[in-house]
Structure formats: C-alpha cells, structure tokens
Amino acid sequence: GNIKQSGVIYGDRMIKSPINKYNILPASNFIDVAINDGDEITALEYYKDKILQFKKRKVFVIDISGDYESLADTFDNVGINGQYAVVKTPKGIAWANENGCYLYNGDKLINLIEGTIPTSEAYENAGIANNRWAATSSSGNCLIGYDKNKDTLIVNFSKDNTESSTAPSGATYHFKTNSWTLIRQVWNDNAAAPQTGDMSNMVTSEDGDVLFYHINSGGSYGVNTLRKWNHEPNNNLGTK
C-alpha cells in the first residue's frame with residue numbers, strides 16, 4: 001500500500017517507474033550513474049531517501065529526496081555479485097563480500113568487521129586456526145539475512161556447497177552488542193556433516209525469522225528443503 005515507485009535493472013542501467021505507476025517503466029525514465037564502465041548492476045536497495053545501486057566492484061548512492069536524482073556518494077571495491085548478498089535492516093542496508101560486511105546507515109559506510117575479524121590467514125589470532133572471515137570470491141558469493149527477532153545479521157560465506165569442518169562457514173552480527181560470532185557446521189540438519197549445501201537467498205518472514213531453501217542434490221545435510229535459521233546454541237537448522 002506504500003509503494004509509489006518501482007525500478008528494474010537493465011544491463012548496466014536502471015529504469016524507474018512514474019510515481020504511483022509502479023507497473024509502468026517508460027524508456028525515458030533511465031537513471032544513468034556510470035554506464036559503459038565494464039561493470040554491471042547486480043542489485044538495488046533503498047533506505048530512507050537513498051537508492052543503493054550495486055555493481056561487482058562499486059556501490060553508488062543515489063539521492064532521490066529532490067525533484068531530480070543526484071549521485072550522493074560512490075564506494076569503491078565493496079561491490080557484490082547479486083541481490084542475495086544485500087539485506088535491509090532497521091539500522092540501514094547491509095551487505096557482505098570477501099572483504100567484509102558493510103552497513104550504510106544513510107550517512108556513511110561502515111565495515112563491521114574492521115579491527116575485529118581478519119580476512120587473511122596471516123592475521124588469524126595466535127593459537128586459533130582458521131579464525132577469520134573465510135569468504136573468498138573463488139568459493140562462491142556471500143549470502144546475508146536479517147533475523148528481526150534477534151536483531152542479528154546472518155552471513156553464509158558461500159551460496160555454493162562447501163566443507164566447513166575447519167574454516168568458518170559463516171558469521172553472525174548482533175547489533176545491540178556490536179559483537180560477531182564465527183560459525184561452523186550449522187547450515188544443515190546433521191551435526192556430523194560439514195557440508196553447507198547449495199542455498200537460495202535468505203528472506204525474513206512475517207514472523208521475523210530467516211528462511212532459505214537448500215537446493216543441492218545428494219549429501220546428508222537436508223537438501224531440497226525449506227529451512228529456518230535457528231539462533232540457539234549447539235543446534236542445527238530446523239525445517240520450516
């Protein structure tokens with residue numbers, strides 16, 4: 001009932017609808033920020049009076065508060081590969097990639113893992129192997145969700161099936177305490193199975209839960225099943 005406009009991605013361009021006509025997309029309504037730059041738009045999200053336009057390498061912040069759109073900010077080297085890596089929260093727009101987890105609060109960009117979690121094995125805590133942000137571009141793309149009931153971000157380091165018996169397979173961030181927890185072997189229904197399974201994007205249900213779908217075939221980790229994130233200690237996922 002509150003939708004006034006809509007937008008779609010068209011290659012490396014974005015097109016918007018007229019106000020209150022969100023099912024109409026005129027060819028004259030392109031919003032061009034940086035086209036023909038060798039990159040493509042991978043995701044869109046909005047927060048307050050700003051649109052965030054994501055590419056694989058950059059993020060553009062577009063101010064839509066006035067009569068005309070204007071470029072408010074550009075963030076380099078923090079891009080993502082798909083909509084599955086970005087989520088809206090009450091604190092702002094959050095997204096994750098191999099270099100960190102970012103929050104845009106309407107005014108500034110914050111890397112939530114900076115000074116807290118290393119991204120390289122060379123900087124792991126002494127005596128604690130694989131205690132790092134283990135997301136890499138070669139292992140797939142990060143997935144991110146928001147647990148409304150726990151006010152918590154949930155990050156899976158790869159949407160593709162990976163083994164997580166040693167390196168962390170994801171992390172959670174609690175907004176109220178500004179604290180991170182690295183997680184292993186929790187993306188399935190079998191505590192003995194280290195596989196994460198291939199996963200769909202995460203969505204927040206009307207009840208505030210994070211849901212996703214396992215789409216991998218084979219293995220012992222609850223495949224082809226709708227799952228609900230379980231934020232209790234020492235528990236694997238439940239079936240929705």
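These figures come from a predicted structure and were not determined experimentally.
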Indicate the atoms forming the closest heavy-atom contact of [X] with [Y], along with that distance.
X    : Y    : result
T89  : Y146 : CG2-CD1, 3.8 Å
A135 : C142 : CB-SG, 3.5 Å
N111 : N99  : ND2-O, 3.6 Å
G100 : I113 : CA-CD1, 3.5 Å
A43  : I80  : CB-CD1, 4.0 Å
S169 : R184 : OG-CA, 3.8 Å

Ignoring hydrogens and angles, tell me if any N or O in the side chain of [X] forms a donor-acceptor pair with the backbone of [Y] under 3.5 Å.
X    : Y    : value
D147 : K150 : yes
N97  : G79  : yes
Y102 : I93  : no

Quick check: do [X] and [Y] have side-chain heavy atoms less than 4.5 Å from each other?
X    : Y    : value
L143 : M199 : yes
K56  : E40  : yes
I62  : Q53  : yes
E45  : Q83  : yes
C101 : L153 : yes
Y213 : N201 : no
W95  : V87  : no

For F60 and L71, what are the C-alpha separation, side-chain angles and deciding distance, and is it a side-chain contact (heavy atoms from CB on, under 4.5 Å)? CA-CA 7 Å; F60 298 103; L71 183 62; 3.9 Å; yes

Side chain to side chain contact (heavy atoms under 4.5 Å, CB included) involving A171 - partner list, sequence neighbours excluded: W133, F157, W180, L182

Going by the rule side chain to side chain contact (heavy atoms under 4.5 Å, CB included), which residues pair with S70 if we only count those two or more places apart in sequence or in a different chain?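 For S70, the residues satisfying side chain to side chain contact (heavy atoms under 4.5 Å, CB included) (neighbours in sequence not counted) are D63.
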
Within a reach of under 6.0 Å around CZ of F75, are more than 12 heavy atoms found that belong to other residues, nucleotides or ligands? yes

Within the supplied structure, the quantity of interest is the number of heavy atoms (other residues, nucleotides, ligands) at a distance under 6.0 Å from K88 NZ; does it exceed 12? yes

So K91 and D151, salt bridge (charged side-chain N to carboxylate O under 4.0 Å, His left out) or not? Walk me through it. CA-CA 10 Å; K91 309 297 191 302; D151 196 19; 3.2 Å; yes

Go through the steps for N105 and I110 under the test side-chain contact (heavy atoms from CB on, under 4.5 Å), then give the verdict. CA-CA 8 Å; N105 62 10; I110 305 166; 4.2 Å; yes

Does one side chain, of [X] or [Y], offer a donor that lies under 3.5 Å from an acceptor on the other?
X    : Y    : answer
D198 : N161 : no
Y104 : D73  : no
Y173 : N178 : yes

Identify the residue among D209, T172, T152, L211 that makes a side chain to side chain contact (heavy atoms under 4.5 Å, CB included) with W229.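 Option passing the side chain to side chain contact (heavy atoms under 4.5 Å, CB included) with W229: T172.
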
Presence of salt bridge, D76 and K58, under 4.0 angstrom: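 Here K58 pairs with D76 in a salt bridge, since their nearest N and O are under 4.0 Å apart.
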
